[in-house]
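This is a predicted model, so every value here is computed, not measured.
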Amino acid sequence: MAFTLTPEMPLVAPANRVPEVTPAFWLIKLTAVTMGETAADFLAINLGLGLGATTILMTVVLLAMLVWQFGQRAYRPAPYWAAVVMISVVGTLITDNMTDAMGVPLIASTIGFALVLAGTFALWFASERTLSIHEVFTTRRELFYWAAILFTFALGTAAGDLVAERFGAGFMATGALFGAIIASLTFGYYVLKLDAIWAFWLCYIFTRPLGASVGDFLSQPAEFGGLGLGTLVTSAAFLAIIAATVATMTLQARNRT
């Protein structure tokens, strides 16, 4: 028997599980990566948990946030951004463990994470024939998406530390460098018609070292080139910004519904 669609039976496109890219997206992403840098330092150093215990604890919390996120069938601000904040912290800790605990040179970890991220994109495209964030509506695509997010954070942390510490550029110069790269990519996208997918992912990578430089500049003592606000104050301030932005997004989504 043939099946015919009628006006009373419309086709409904599957819902995207990740947010659209808007100015609010980049605001909360930048604050999340800044908090990821300072929160990791606060837990590991100021609270004295150490890298190992902090990594285990934050990984468990991240897994819980991802379970919450994967339980959604459409984008919801609270679980999505909770997962981003935690993946920012864990991505920072992965690089810190490799550098401080394992003695892996920053240039080696930067190259290594770049290759791993490239491999993730290659597998994603081979499986799905797209890297678009506008069509993340299956569990497999979302797995690729979050794997890419994790490696962008780890790569961004390694690249930022490499420029700021090993190359001796300092927090301000490093932030200015990566800010200029993001500005050039933005110009390339809007004026030179740079491919939207690659413009997004490159900006996503470079906001990590930009945010880390801002966090370090605000939290580190003056003798190290910072303002000396401390990791607790800096983390709390950016957490408040994140919470307020997520609350606003949630309210707007409810009003649209």
Review point. Would you say R166 and T99 make side-chain contact, with heavy atoms under 4.5 Å?
Key: yes
Review point. Is there a donor-acceptor pair closer than 3.5 Å between any side-chain N or O of Q72 and the backbone N or O of W68?
Key: yes
Study note, to complete from the structure: Which of F178, W201, F200 passes ring-ring contact (aromatic ring centres under 6.0 Å, His included) with F206? It is F178
Check your understanding: Would a distance-only check, ignoring hydrogens and angles, find a side-chain to backbone donor-acceptor pair under 3.5 Å from T152 to I149?
Key -> yes
Exercise for review: Indicate yes or no for a side-chain donor-acceptor contact from T110 to the backbone of L106 under 3.5 Å, with no hydrogens or angles considered.
Suggested key: yes
Review point. So, for Y189 and L194, which heavy atoms are closest and what is the spacing to 0.1 Å?
Key: CD1-O, 3.5 Å
Exercise for review: Report the distance from atom CG of L57 to atom CG of L62, rounding to the nearest 0.5 Å.
Suggested key: 11.5 Å
**Study point:** For A40 against L93, the heavy-atom pair lying closest together
**Key:** CB-CD2, 3.9 Å
Point to revise | Derivation and outcome, side-chain contact (heavy atoms from CB on, under 4.5 Å), residues T31 and T245 | key: CA-CA 10 Å; T31 55; T245 308; 5.9 Å; no
Study note, to complete from the structure: So CG of L27 and CD1 of I242: to nearest 0.5 Å the spacing works out to 9.0 Å
Practice item. Using a 4.5 Å cut-off on heavy atoms from C-beta on, say whether the side chain of H134 contacts that of E20. Key: yes
Check your understanding: If Ile, Leu, Val, Met, Phe, Trp and Tyr residues are connected whenever their side-chain heavy atoms lie under 4.5 Å apart, and connections chain through other members, are F167 and M98 in the same group?
Key -> yes
Practice item. Starting at CG of L47, measure out to CG of D41 and round the result to the nearest 0.5 Å. Key: 11.5 Å
Exercise for review: For side-chain contact (heavy atoms from CB on, under 4.5 Å), just list the numbers for M58 and T92, CA-CA rounded to whole Å, side-chain angles, deciding distance to a tenth of an Å, and then say yes or no.
Suggested key: CA-CA 11 Å; M58 292 297 98; T92 299; over 6 Å; no
Check your understanding: CG of L49 to CG of N46: how many Å apart, nearest 0.5 Å?
Key -> 10.0 Å
Review point. Is the side chain of T234 donor-acceptor paired with the backbone N or O of T231 at a distance under 3.5 Å, no angle test?
Key: no
Point to revise | Check: T38 side chain, M35 main-chain N or O, donor-acceptor pair, under 3.5 Å | key: yes
Practice item. Looking only at non-hydrogen atoms, find the nearest pair between L185 and C203 and report the distance. Key: CB-SG, 3.7 Å
Point to revise | Step-by-step side-chain contact (heavy atoms from CB on, under 4.5 Å) determination, T95 to F153 | key: CA-CA 9 Å; T95 302; F153 279 118; over 6 Å; no
Review point. How long is the gap from NZ on K29 to OG on S88, to the nearest 0.5 Å?
Key: 7.5 Å
**Study point:** Common cluster, L115/I107, ILVMFWY with side-chain heavy-atom separation under 4.5 Å
**Key:** yes
Review point. Between F25 and W81, is the gap from one ring center to the other below 6.0 Å?
Key: yes
Point to revise | Side-chain donor or acceptor of S127 paired with backbone N/O of L123 under 3.5 Å | key: no
Revision key, fill the gap. What one should report as the nearest heavy-atom pair of T174 and G160 is CG2-O, 4.0 Å
**Study point:** Chi angles and distances behind the side-chain contact (heavy atoms from CB on, under 4.5 Å) call for V33, L30
**Key:** CA-CA 5 Å; V33 299; L30 185 60; 4.2 Å; yes
Review point. So how far is it from F42 CZ to L232 CG, rounded to the nearest 0.5 Å?
Key: 4.5 Å
**Study point:** Side-chain donor or acceptor of T34 paired with backbone N/O of G211 under 3.5 Å
**Key:** yes
Practice item. Quick one: which residue pairs count as a salt bridge (Lys or Arg N to Asp or Glu O under 4.0 Å) with a foot in residues 141-164, not counting sequence neighbours? Key: R17-E142, E128-R141, E135-R141
Review point. L117 and W198: same hydrophobic cluster, using ILVMFWY side-chain contacts below 4.5 Å?
Key: yes
Review point. Does L150 belong to the same Ile/Leu/Val/Met/Phe/Trp/Tyr cluster as L63, with side-chain heavy atoms less than 4.5 Å apart forming each link?
Key: no
Review point. Hey, quick one: are V90 and M102 part of the same hydrophobic cluster, counting side-chain heavy atoms closer than 4.5 Å, chains of contacts allowed?
Key: yes
Practice item. Taking all non-hydrogen atoms of both residues into account, name the closest pair between V85 and A32 and its distance. Key: CG2-CB, 4.0 Å
Exercise for review: Give the minimum heavy-atom separation between F144 and T120, together with the two atoms involved.
Suggested key: O-CG2, 4.1 Å
Review point. Counting N and O atoms only, with roles assigned by atom type, does the side chain of N16 sit under 3.5 Å from a partner on the main chain of I133, one being a donor and the other an acceptor?
Key: yes
Practice item. Look at the rings of Y80 and Y75 and say which category their plane angle falls in: under 30° parallel, 30 to 60° tilted, over 60° perpendicular. Key: perpendicular
